[in-house]
Asker: 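My questions all concern the structure below.
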Amino acid sequence: MTSASSVPFPTATIEGYPRVGAQRELKHALEKFWAGNISAEDFHVATHALRVDTYNHLHGLGLTQPYAIPADVAHYDHVLETALTVGVLGSGEDDSLEARLEEEFRLARGNADTPALEMTKWFDTNYHYLVPELADTPSFRPVAARVLRIVEEARAAGHQVRPVLVGPVTLLALSKAAEGATTAPLEHLPALVEAYAQVLSELAGAGVEWVQLLEPALVADLESASDEELAQHARTAYTQLLGLEARPQLYVTTPYGAARAGLEALAEVGPEALQVDVSTVTLAAEPNYVEHIIATAAQVSHLVLGAIDGRNVWAANLHQVHELVAKVKEALPEVTVGVSTSVSLQHVPHSVGAETSLPVDVAPWLSFADEKVAEVVALAAGPFEAADAFARAERVVRTRAESSRTHNDAVRERVEALPQGQVQRQPLYAEREEAQRALNLPQLPTTTIGSFPQTAEIRACRAAHRSGELSDADYVEALRREVAHVVEVQEKLGLDVLVHGEPERNDMVQYFAELLDGCVVTENGWVQSYGSRCTRPPIIVGDISRPEAMTVEWTRYAQSLTDKPLKGMLTGPVTILAWSFARDDVPLAVSADQLGVALADEVRDLEEAGVSIIQIDEPALRELLPLRREHRAEYLDWAVRSFRLVSVNARPETQIHTHLCYSEFGQIIDAVAALDADVTSIEAARSRMELLQDVDDRFYSQLGPGIYDIHSPRVPSVAEMAELIRAALRSFPAQRLWINPDCGLKTRGYKETEAALRNMVLARDEVLGSGAVQES
Ligand code: GLN
Ligand code: ZN
């Protein structure tokens with residue numbers, strides 16, 4: 001397969017393409033199938049059509065060379081798909097379509113008897129993958145047929161596609177030992193490489209000439225292994241795979257950042273093609289990366305420059321990117337150099353062309369997946385062949401830089417006048433705690449995280465309002481009724497600190513983005529978050545400011561309905577940034593400061609409206625943590641600062657809460673404490689309060705480790721929650737402990753929510769009554 005007559009690697013390609021479908025076909029097929037509304041066969045027909053349409057579409061966009069189109073297909077998640085293909089998960093049987101789908105979705109979503117696999121964020125993105133679990137003595141039973149079927153299907157439609165698998169090093173680096181197992185997953189690498197070898201040889205037998213293996217683990221400092229160790233693993237694994245007699249040519253990719261020792265290891269063992277991420281963001285974080293690549297890649301036969309940023313939505317500066325490519329070509333005359341995207345395009349929406357209501361001046365600045373494919377094709381063709389595309393790119397770069405939409409002098413001046421370095425709310429926590437006694441809260445106060453169930457009626461109202469069927473006044477009226485209902489439910493349950501339930505928010509980031517100047521939102525810009533779940537990230541286009549109060553009316557109304565304190569709800573700066581497309585013309589820290597002061601004005605307005613407890617959610621704090629260790633302190637500095645800017649001028653008697661979820665906090669627990677919130681609620685139930693081990697005495701303020709997992713409809717018993725409270729009390733003082741769920745309740749139904757909250761209050765009462773807590 002690797003003889004001189006082999007098909008060369010395409011000169012232009014992409015790392016991957018959104019799987020969800022321009023009309024969210026995959027989401028709809030999945031949800032209908034799960035609901036039992038369509039058969040397995042219908043599901044297959046729908047996803048088959050989506051795949052083939054995608055290949056035709058990409059061919060039409062200019063990916064015409066053999067193997068230029070990646071077949072990065074997955075019904076639910078690409079890590080799960082690879083794990084099933086190489087036999088890390090699954091029975092190893094290749095049964096009927098029904099049985100295969102049953103197995104795949106059981107692993108992804110669980111069923112009555114089996115919990116779903118854990119889900120966690122894929123590198124520093126908002127995409128979640130399923131975490132494979134390995135026993136101490138796993139037996140890998142690969143099912144090459146999974147990928148052979150994809151190849152055949154594409155051939156039948158006239159396309160020579162390139163199968164994509166997560167590479168063996170990354171697959172294990174992202175896996176975990178199954179419950180009770182003690183062997184680190186990476187120790188299973190030699191056996192797993194055999195499984196890959198089998199899949200590769202079957203692909204070779206079917207005449208496949210190129211396969212793509214993703215190795216982003218090589219760009220990250222992971223907990224599971226050091227950079228050097230991962231590089232050594234890559235050396236061993238790829239020496240073995242490249243030594244196989246019958247195999248396709250290997251295209252190994254290192255998206256999401258700069259590979260260091262791993263790049264040297266790969267260059268040394270020499271896959272037929274090697275991709276590096278040279279996007280502007282990656283080069284900004286690793287300024288000598290291009291030099292490192294040039295010094296390392298002289299013996300690589302085909303080097304692919306991932307020069308078009310696959311993670312952001314800004315049109316590329318083609319001339320600048322072309323210069324970079326030219327520089328590498330000149331420095332490596334023996335190497336063929338091709339171009340691609342820095343990462344899979346799965347992180348951006350399908351097409352700017354699907355948007356009809358973007359501001360006319362902004363639309364040309366943007367480049368979603370389809371536009372990025374065109375950029376790659378133009379870049380490969382060069383400035384003479386693709387003169388129009390280069391000229392257009394130049395115009396876009398200029399008009400965007402000159403546009404008044406990106407600059408707001410008042411915002412700039414305000415932010416520049418802020419003190420440098422860290423800001424500190426005064427007085428310090430101990431004194432604030434005194435001032436906040438006026439809230440008169442009981443011991444072990446109970447609260448929720450903010451949202452209440454987003455019922456079908458609320459969603460229907462929102463849709464009717466959007467389409468113009470429901471007037472503004474009627475919409476507001478319906479939401480007010482819902483707020484009143486939420487308050488009443490909480491009063492009945494006997495919760496101590498109430499919330500308004502957030503029914504007016506379609507999404508905790510988009511809601512604010514729609515109200516802030518400097519952001520735009522899309523109509524169809526869906527991006528897969530996990531499985532069938534998609535979000536529509538807003539786009540930050542310029543300096544951010546708050547033309548008027550965003551949450552005050554809802555909060556004031558809810559507070560007017562109760563004598564209990566009602567908590568105002570804001571989304572924090574880091575989370576707004578993380579779940580939007582950020583600007584590339586200013587550092588993230590600049591937008592974070594701007595969001596910080598805009599939200600500080602909201603805090604002031606809430607205080608003036610009589611709100612005495614305000615929560616600033618930062619669930620994404622961990623997600624933006626840089627992949628390389630030495631960049632983390634700087635990130636945490638500006639992230640913590642932006643949060644502190646929101647609360648810095650709050651009155652001492654205003655109790656500031658924050659909420660975090662979605663991840664392991666061990667690594668960033670110091671930064672969480674440094675937010676200097678008065679009360680921090682954190683997801684903890686699923687890990688059974690493990691988090692408290694990291695807390696020890698670094699946490700001087702109040703803490704609400706979640707005592708029930710809101711991700712499933714299951715209602716935890718009083719005894720179960722009381723046990724978790726007692727566990728928390730063993731390592732954290734009662735005087736500073738709060739009782740709350742793990743996260744917001746928007747994805748739940750009312751019935752289970754009320755039952756669970758009732759049990760939560762009863763569990764608190766039981767612990768108090770049992771004398772586990774002394775009066776202070
Ligand atoms: N206040 C938000 C809610 O309850 C927090 C959501 C989150 O942490 N993701 O929905
Ligand atoms: Zn949460």
Side-chain angles (χ1 to χ4, degrees), residues 119-121 126-128 446-455 458-459 462 479 482-483 486-487 489-490 495 497-513 529-530 533-537 550-551 554-555 558 566-580 599 602-603 606 611 613-624 643 646 656-665 668 672 675 677 679-687 691 703-712 738 740-750 753 756-757 760:
M119 212 163 46
T120 196
K121 300 247 160 146
N126 189 19
Y127 175 79
H128 306 62
T446 54
T447 192
T448 62
I449 305 306
S451 58
F452 265 67
Q454 290 253 342
T455 56
I458 302 174
R459 282 193 304 250
R462 200 175 347 272
L479 293 176
E482 177 63 20
V483 169
V486 170
V487 170
V489 167
Q490 296 172 92
L495 289 157
V497 171
L498 311 195
V499 295
H500 79 286
E502 305 177 24
E504 78 287 13
R505 303 186 189 176
N506 43 2
D507 171 278
M508 65 186 286
V509 167
Q510 185 159 22
Y511 177 77
F512 288 93
S529 165
Y530 62 88
R533 291 288 286 261
C534 302
T535 64
R536 242 175 335 141
M550 304 180 283
T551 65
W554 294 111
T555 318
L566 189 127
K567 190 159 60 159
M569 262 319 132
L570 304 176
T571 302
V574 180
T575 299
I576 293 182
L577 272 180
W579 294 349
S580 301
L599 290 164
E602 189 74 12
V603 166
L606 284 167
V611 177
I613 305 186
I614 300 171
Q615 178 170 309
I616 305 157
D617 288 324
E618 282 294 18
L621 184 65
R622 170 72 177 72
E623 178 180 318
L624 284 193
F643 181 94
V646 184
I656 298 289
H657 289 219
T658 188
H659 166 72
L660 297 97
C661 53
Y662 292 127
S663 28
E664 311 259 312
F665 288 97
I668 60 158
V672 176
L675 296 176
V679 181
T680 303
S681 67
I682 271 198
E683 172 177 321
R686 275 200 287 191
S687 62
L691 138 100
L703 194 67
I707 62 163
Y708 89 80
D709 174 16
I710 53 82
H711 297 91
S712 90
W738 283 66
N740 46 256
D742 260 354
C743 191
L745 302 162
K746 59 180 165 253
T747 57
R748 296 273 60 85
Y750 263 104
T753 295
L757 290 176
M760 183 181 93

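Owing to the predicted nature of the structure, the values given are computational and were not obtained by experimental measurement. Indexing begins at 1, ligand by ligand and atom by atom, following the structure's order.
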Asker: Relative to the Zn ion (ligand 2), which of the N, O or S atoms in His659 is the closest?
Answerer: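 For His659, the N/O/S atom sitting closest to the Zn ion (ligand 2) is NE2.
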
Asker: May I ask you to identify, for Ser451, whether its side chain, its backbone, both or neither come under 4.0 Å of ligand 1 on a heavy-atom basis?
Answerer: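 It is both backbone and side chain that touch ligand 1.
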
Asker: Please examine the side chains of Pro537 and Val509, heavy atoms only from C-beta on, and report whether any two atoms are closer than 4.5 Å.
Answerer: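 Side chain of Val509 against side chain of Pro537, heavy atoms only: no contact under 4.5 Å found.
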
Asker: Can you sort out which atoms of ligand 1 are near Gly744, meaning under 4.0 Å from one of its heavy atoms?
Answerer: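 Close to Gly744: 3 (C), 4 (O), 10 (O).
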
Asker: When rounded to the nearest 0.5 angstrom, what is the spacing between CG in Leu566 and CD in Gln490?
Answerer: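 CD of Gln490 is found 7.0 Å from CG of Leu566.
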
Asker: Taking only heavy atoms of Glu502 into account, list the atoms of ligand 1 that are under 4.0 Å away from them.
Answerer: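 Taking each heavy atom of Glu502 in turn, ligand 1 has 1 (N), 2 (C), 3 (C), 4 (O), 10 (O) under 4.0 Å.
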
Asker: How many angstroms lie between atom CZ of Phe643 and atom CG of Leu675, to the nearest 0.5 angstrom?
Answerer: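 Taking CZ in Phe643 and CG in Leu675, the distance rounds to 5.0 Å.
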
Asker: To which of Asp742, Val509, Asp507, Asp617 does the heavy atom nearest atom 2 (C) of ligand 1 belong?
Answerer: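 Looking at heavy atoms only, the winner is Asp617.
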
Asker: Determine the minimum heavy-atom distance between Ala684 and Asp742, stating which atoms define it.
Answerer: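 Nearest pair, atom of Ala684 first, then Asp742: N-OD1, 2.8 Å.
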
Asker: In terms of atom number and element, which parts of ligand 1 are under 4.0 angstrom from non-hydrogen atoms of Cys743?
Answerer: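 In order of number, 7 (C), 8 (O), 9 (N).
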
Asker: I need the atoms of ligand 1 closer than 4.0 Å to a non-hydrogen atom of Gly450, numbered in the order shown.
Answerer: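 Once the distances to Gly450 are compared, the set is 4 (O).
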
Asker: Does Gln615, backbone or side chain, put an N or O under 3.5 Å from an N or O of ligand 1?
Answerer: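 There is no such contact.
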
Asker: Check whether any side-chain heavy atom of Thr555 sits under 4.5 Å from a side-chain heavy atom of Leu606, and report yes or no.
Answerer: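 Of all side-chain heavy-atom pairs linking Leu606 with Thr555, at least one is under 4.5 Å.
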
Asker: Any N or O on Trp579 sitting closer than 3.5 Å to an N or O of ligand 1?
Answerer: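 No, since none of the N or O atoms of Trp579 sits under 3.5 Å from an N or O of ligand 1.
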
Asker: How long is the gap from CG on Leu745 to OH on Tyr750, to the nearest 0.5 Å?
Answerer: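 Separation between the atoms: 9.0 Å.
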
Asker: Report yes if the side chains of Trp579 and Thr571 come closer than 4.5 Å at any heavy-atom pair, otherwise no.
Answerer: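 No, every pair of side-chain atoms sits at 4.5 Å or beyond.
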
Asker: Tell me the protein heavy atom at minimum distance from atom 6 (C) of ligand 1, and give that distance in Å.
Answerer: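 For atom 6 (C) of ligand 1, the nearest protein heavy atom comes out as Met508 SD, 3.4 Å.
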
